[in-house]
There are 2 protein chains.
Amino acid sequence: MVQVTLQTQSKLSAAGVRPTRQRLLIAALLWKGNECRHVTPEDMRREIQQEGEDVALATIYNTLHQFTKAGLLREIVLAGGRTYFDTNLSPHFHYYYEENGHLEDVAISPKQWHSLPSAPPGTEVKGVDVVIRVGERK
Amino acid sequence: MVQVTLQTQSKLSAAGVRPTRQRLLIAALLWKGNECRHVTPEDMRREIQQEGEDVALATIYNTLHQFTKAGLLREIVLAGGRTYFDTNLSPHFHYYYEENGHLEDVAISPKQWHSLPSAPPGTEVKGVDVVIRVGERK
DNA sequence: CTGTGTGCAAACTCTTTGCATAAGT
DNA sequence: ACTTATGCAAAGAGTTTGCACACAG
C-alpha cells in the first residue's frame with residue numbers, strides 16, 4: 001500500500017491541482033521512490049490495480065494531462081502513438097528501445113542543449129523532444 | 001491531373017514495391033514537385049480526391065508505411081499522435097508550429113548531427129527524431 | 001449553500017488486420 | 001496459369017468529451 005504523504009498533498013496544492021482521492025493515489029505512485037519514472041496510462045492503471053484500487057482509464061488520462069499542464073510531468077509521444085509521462089523535468093533526451101518499448105533518459109550537457117537550433121524569428125521554443133531510437137546491433 | 005511519369009514507375013520498382021494504380025497515384029502526388037513534403041494520410045486522401053480519384057484511407061496508410069519500409073519516406077510522430085510522412089530523407093530536425101500544426105524542416109550541420117548521443121553498448125541507432133515545438137512569443 | 005471543477009460512461013478518431021480479389025511474373 | 005501480394009471493410013486500440021454529481025469554498 002502506498003503512503004499518501006503530506007508531501008504529496010502539498011505538491012498538488014502548490015501546483016494548483018485539487019487533491020482528490022484519485023489524484024493523490026496517482027501522485028503517490030508517481031513519486032513514491034526517488035528515481036524518475038516513465039509511465040503510460042496503462043502502466044498506471046496496472047499499478048493502481050495492484051494497490052487494490054481502481055480508477056477509470058479516462059480519469060488517469062485526464063489526471064496525467066492535468067499534471068503535465070501544471071508542470072509536474074512531461075509528455076512524450078513516440079511512434080506507434082504510445083504516450084509516456086516522464087517525471088524528469090530537467091532538459092534531457094531519450095533512448096527508445098524498439099525491441100521492448102522501453103524508454104530511458106539520456107543526460108545531456110548544457111553545451112549539447114545549446115547546440116540545438118533556436119526558434120525562428122517571432123516565435124519561442126515551447127519544448128524540445130529528442131528521441132534516439134535504438135535496437136539490437138545486427 | 002498529375003502525370004504518372006516513367007520516373008515514378010522506376011522509383012517504385014527500384015525500391016522493390018509493385019507499381020499498382022494506387023501506389024503510382026500516391027507516388028506521383030508525393031514527388032510531383034521538387035520540394036520536400038510533409039503529409040498526413042488525411043492530407044493525401046484530400047489530394048487524391050482533388051484529382052477526382054479515390055483510394056481507401058486504409059490503403060493510403062498501408063502504402064505510406066510500405067514506402068517508409070522501402071526507404072522512400074520517413075515517418076514522424078508528434079504529440080497528439082499525429083503522423084506525418086516526410087519526403088526529405090537526409091538528416092534533419094523539425095520545427096513544429098503548435099498553433100497550426102505545421103511542420104518544417106530544419107537543416108543541420110554534420111557537427112550538430114554528431115553532437116547527439118551515440119547508442120548504448122550492444123545497440124545501434126535506428127533513427128533520431130528531433131522535434132522543436134515552437135509557438136508565438138508572448 | 002452553491003457554483004466550479006471532477007470522474008466516468010460513452011463516443012470518437014485514428015490505425016491495423018483478415019480475407020476475397022486482382023495483379024505481376 | 002497461378003501464387004503472391006494487394007486493397008478495402010470491418011474491427012481494434014487508444015484517447016477525448018459531455019454531463020451528472022461531488023466537493024471546496
Side-chain angles (χ1 to χ4, degrees), chain A residues 4 9-10 12-29 38-49 51 53-70 72-85 98 101 103, chain B residues 4 6 8-29 38-46 48-49 51 53-70 72-85 98 101 103:
Chain A
V4 174
Q9 298 221 29
S10 40
L12 296 192
S13 308
V17 177
R18 271 203 214 165
T20 64
R21 184 181 78 74
Q22 287 85 339
R23 289 173 178 189
L24 285 169
L25 176 57
I26 290 171
L29 287 167
H38 300 106
V39 292
T40 63
E42 292 288 355
D43 290 339
M44 183 46 69
R45 168 166 241 205
R46 218 168 300 122
E47 284 189 40
I48 290 168
Q49 285 171 349
E51 294 292 323
E53 306 273 335
D54 196 29
V55 177
L57 197 51
T59 301
I60 296 172
Y61 274 96
N62 288 339
T63 303
L64 293 174
H65 279 136
Q66 272 152 0
F67 285 6
T68 302
K69 258 186 279 174
L72 299 171
L73 291 177
R74 227 183 116 186
E75 186 177 357
I76 301 150
V77 179
L78 300 170
R82 269 208 243 292
T83 306
Y84 280 83
F85 291 87
E98 299 198 325
L103 199 65
Chain B
V4 174
L6 249 143
T8 312
Q9 298 221 27
S10 40
K11 185 162 208 157
L12 295 192
S13 308
V17 177
R18 273 203 213 166
T20 64
R21 184 180 79 74
Q22 287 86 339
R23 289 175 178 189
L24 284 168
L25 176 59
I26 291 172
L29 288 166
H38 301 106
V39 293
T40 63
E42 293 287 356
D43 291 338
M44 183 46 69
R45 167 165 242 205
R46 219 170 297 122
I48 289 168
Q49 284 170 350
E51 294 291 323
E53 306 271 337
D54 196 29
V55 177
L57 197 52
T59 301
I60 297 172
Y61 274 96
N62 287 341
T63 303
L64 292 174
H65 279 135
Q66 272 153 358
F67 286 4
T68 303
K69 258 186 277 173
L72 299 170
L73 293 176
R74 229 183 112 183
E75 187 176 356
I76 302 149
V77 179
L78 300 169
R82 267 209 247 293
T83 306
Y84 281 83
F85 291 88
E98 298 196 326
L103 199 66

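Since the model is a prediction, treat every value here as computed from it, not as a measurement. By convention in this document, chain letters (A, B, ...) are assigned in the order of the sequence lines, proteins followed by strands, and residues within each chain are numbered from 1.
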Is there a side-chain contact between [X] and the phosphate of [N], meaning an N or O under 4.0 Å from OP1 or OP2?
{"X": "B:R23", "N": "D:dT6", "value": "yes"}
{"X": "A:H65", "N": "D:dT16", "value": "yes"}
{"X": "A:Q22", "N": "C:dC8", "value": "yes"}
{"X": "B:R82", "N": "C:dT13", "value": "no"}
{"X": "A:T83", "N": "D:dG14", "value": "no"}

ask   = Looking for any heavy atom pair under 4.0 Å, which part of the strands does A:T59 touch: base, sugar-phosphate only, or nothing?
value =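 The residue A:T59 makes base contact.
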request  = Identify whether any heavy atom of A:T63 sits under 4.0 Å from a base atom; if not, whether one sits that close to sugar-phosphate; answer base, sugar-phosphate or nothing.
outcome  =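 Result for A:T63 = nothing.
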message = Side chains of B:Y84 and B:R74, heavy atoms from C-beta outward: is any pair under 4.5 Å?
response =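 No - every pair of side-chain heavy atoms lies 4.5 Å or more apart.
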Measure [atom1]/[X] against [atom2]/[N] and give the value in whole Å, please.
{"X": "A:R45", "N": "D:dT15", "atom1": "CZ", "atom2": "C1'", "result": "13 Å"}
{"X": "B:E42", "N": "C:dC12", "atom1": "CD", "atom2": "P", "result": "16 Å"}
{"X": "B:M44", "N": "C:dC14", "atom1": "CE", "atom2": "C1'", "result": "17 Å"}
{"X": "A:L12", "N": "C:dT6", "atom1": "CG", "atom2": "P", "result": "11 Å"}
{"X": "B:L57", "N": "D:dA9", "atom1": "CG", "atom2": "C1'", "result": "13 Å"}
{"X": "B:D54", "N": "D:dA9", "atom1": "CG", "atom2": "C1'", "result": "14 Å"}
{"X": "B:F67", "N": "D:dA5", "atom1": "CZ", "atom2": "C1'", "result": "14 Å"}
{"X": "A:N62", "N": "C:dG7", "atom1": "CG", "atom2": "P", "result": "8 Å"}

Could you check which of [options] has an atom nearest any side-chain atom of [X]?
{"X": "B:V55", "options": "C:dA9, C:dA23, D:dC8", "answer": "D:dC8"}
{"X": "A:A56", "options": "C:dA23, C:dA9, D:dC8", "answer": "C:dA9"}
{"X": "A:A58", "options": "C:dA9, C:dT6, D:dA9", "answer": "C:dA9"}

ask   = Which one of B:L57, B:L25, B:V55, B:I60 satisfies the side-chain contact (heavy atoms from CB on, under 4.5 Å) criterion with B:M44?
value =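 Of the listed options, the one satisfying the test is B:I60.
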message = Walk me through whether A:I26 and A:F67 qualify under side chain to side chain contact (heavy atoms under 4.5 Å, CB included).
response = CA-CA 10 Å; A:I26 290 171; A:F67 285 6; 4.0 Å; yes
message = Go nucleotide by nucleotide along DNA chain C from the 5' end; which of B:P41 and A:T20 gets its closest nucleotide reached first?
response =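 Looking at the nearest nucleotide for each, A:T20 comes out on the 5' side.
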ask   = Which is it for A:V77 and B:R82 under the side chain to side chain contact (heavy atoms under 4.5 Å, CB included) test, yes or no, and what are the steps along the way?
value = CA-CA 10 Å; A:V77 179; B:R82 267 209 247 293; over 6 Å; no
message = Tell me whether A:N62 contacts the main-chain N or O of A:T59 through its side chain, where contact means a donor paired with an acceptor under 3.5 Å.
response =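 Absent.
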